[in-house]
Structures are given as structure tokens and as C-alpha cells.
Amino acid sequence: MENDANTTTADPALLNTPAALDAFATTRVGVKVYGALTAAALLAVIAAASTGHMVNPFMWIRAVLLPLIAALLHRLALSASRGSRRAFERLRGISAVFPVAVVGVDLIPGVCPWWYAAVQALCVLPVLRIAFTTRGAPLRAAFPKTR
């Protein structure tokens, strides 16, 4: 039976090392912190709108979607910690590109107020930590390149 990069799993011996387990624990904490911060950002948008401040559709859509991404990151982190190479690679990719995309869009003049851009930048800091953690030696060893 042939295995390709999308269906292979991690080496169980390397996946259960203390360093890999610590890396996945750090990843799970990062996802939880990201989820909490984005939920707080959604509450800030709700509070701003309810007090009569300007809240545009971009802010509403972003404030609702970003907490949903926390659920996606959680699912990927859980699957990766169980050995799924595909989930691990997706988690690595999303955690690297996502913060850049969020901050990049917020920097477009007139898209959102400065305070919202600052809140969003704060929200993606835990995702940056996930990006660095998933590129660390313990997880690279657990998910070696197959090509």
C-alpha cells in the first residue's frame, strides 16, 4: 500500500517525546488565547455599535469570522497532535500566513479605525507563537519530510 504526504502520520515514538508534547501543549494554549482574544474583540465591536460609535460591515464580518477560525485551528492542532501530517501541514501554513493577512488588510487606509487594527494585531500574536512552535525542532522531527 502506498502512502503519500496527505495520508501519512507522524512517527509515534517522536510524537510522544516530552519536547513534542510540550510543543503541542504550547500550541493548544495559543489557540485558546487566540479564541479568547477574538471573542473579546467581538464584544468590543458589539459594545462600540451599541454605544453609537461607527462600526462598518468589514468590522462586523471580521469580528464574527475570526473566532470561528479559532475552532478551525483547534481542530487542526488536535488532529496534528494525534499524528495527522495533513493537519500539521495545514496548521503550519495557516499560522504563518494568517497573521500577515490580518495585519496587512488592517493597514489599508480607511478599512477600519486604528483601535480595531490594534485589537486585531493583538489577537494574532498567539497565532504567531503557533507558527514558531510548529516550525520548532521537536515537531519537525515528529513530522519528517517524506519527499
Side-chain angles (χ1 to χ4, degrees), residues 5-6 8-145:
N6 292 332
T8 59
T9 59
D11 181 355
L14 295 173
L15 194 61
N16 292 318
T17 63
L21 294 173
D22 286 346
F24 279 121
T26 300
T27 300
R28 283 191 299 274
V29 168
V31 170
K32 290 176 185 176
V33 171
Y34 168 73
L37 289 173
T38 56
L42 175 59
L43 292 175
V45 170
I46 292 169
S50 66
T51 58
H53 291 85
M54 190 277 301
V55 177
N56 62 30
F58 169 81
M59 294 168 63
W60 278 111
I61 292 168
R62 170 82 66 92
V64 170
L65 288 180
L66 291 187
L68 295 177
I69 292 173
L72 170 68
L73 292 176
H74 180 273
R75 182 176 173 150
L76 289 174
L78 185 61
S79 293
S81 70
R82 293 180 179 161
S84 171
R85 169 180 294 283
R86 187 174 189 178
F88 177 70
E89 289 175 353
R90 287 181 178 182
L91 181 64
R92 283 185 71 188
I94 290 171
S95 65
V97 173
F98 182 65
V100 175
V102 168
V103 172
V105 170
D106 287 344
L107 291 177
I108 297 171
V111 170
C112 59
W114 68 268
W115 66 268
Y116 189 71
V119 167
Q120 294 298 305
L122 177 67
C123 287
V124 295
L125 289 177
V127 181
L128 283 175
R129 182 165 185 190
I130 293 168
F132 286 115
T133 302
T134 56
R135 281 159 179 74
L139 296 184
R140 281 195 329 260
F143 293 95
K145 297 270 186 200

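Not measured: the values here are computed from a predicted model. We number each residue from 1, following the sequence as shown.
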Does [X] have any side-chain contact (heavy atoms from CB on, under 4.5 Å) partners at least two apart in sequence or in another chain, and if so, which?
X	value
R129	T26, T133
A19	T17, P138
L68	L65
L107	V103

Does S50 reach the main-chain N or O of A47 with its side chain, forming a donor-acceptor pair under 3.5 Å? yes
Test item: R85 side-chain N/O and P144 main-chain N/O as donor-acceptor pair under 3.5 Å: yes
Table please: side-chain donor-acceptor pairs of residues 108-116 below 3.5 Å, with sequence neighbours left out.
| residue | atom | partner | partner atom | Å |
| --- | --- | --- | --- | --- |
| Y116 | OH | M59 | O | 3.2 |
| Y116 | OH | A63 | N | 3.3 |
| Y116 | OH | Q120 | NE2 | 3.4 |

For residues 28-46, tabulate all N or O donor-acceptor pairs below 3.5 Å that involve a side-chain atom, not counting sequence neighbours.
| residue | atom | partner | partner atom | Å |
| --- | --- | --- | --- | --- |
| Y34 | OH | L66 | O | 2.9 |
| T38 | OG1 | Y34 | O | 3.1 |
| T38 | OG1 | G35 | O | 3.0 |

A side-chain contact here means heavy atoms from C-beta on lying under 4.5 Å apart; do L72 and I94 qualify? yes
Within this structure, what is the [atom1]-[atom2] distance for the pair [X] and [Y], rounded to the nearest 0.5 Å?
X	Y	atom1	atom2	result
L78	L73	CG	CG	12.5 Å
R86	L76	CZ	CG	10.5 Å
S81	L15	OG	CG	7.5 Å

Determine which pairs satisfy salt bridge (Lys or Arg N to Asp or Glu O under 4.0 Å) with at least one residue from [range], sequence neighbours left out, and list them in order.
range	result
residues 45-55	none
residues 41-65	R62-D106
residues 34-45	none
residues 65-78	none

After noting the C-alpha distance and the side-chain angles of T27 and L91, does the key distance pass the side chain to side chain contact (heavy atoms under 4.5 Å, CB included) rule? CA-CA 10 Å; T27 300; L91 181 64; 3.9 Å; yes
Go through the structure and list residues passing side-chain hydrogen bond (donor to acceptor under 3.5 Å, both in side chains) with T51, not counting sequence neighbours. H53
Tell me the ring-ring contact (aromatic ring centres under 6.0 Å, His included) pairs involving residues 63-90, sequence neighbours left out? F88-F143
For S95 and I130, which heavy atoms make the closest approach, and how far apart are they? CB-CG2, 3.8 Å
L125 and L122: side chain to side chain contact (heavy atoms under 4.5 Å, CB included), yes or no, with the steps? CA-CA 6 Å; L125 289 177; L122 177 67; 4.0 Å; yes
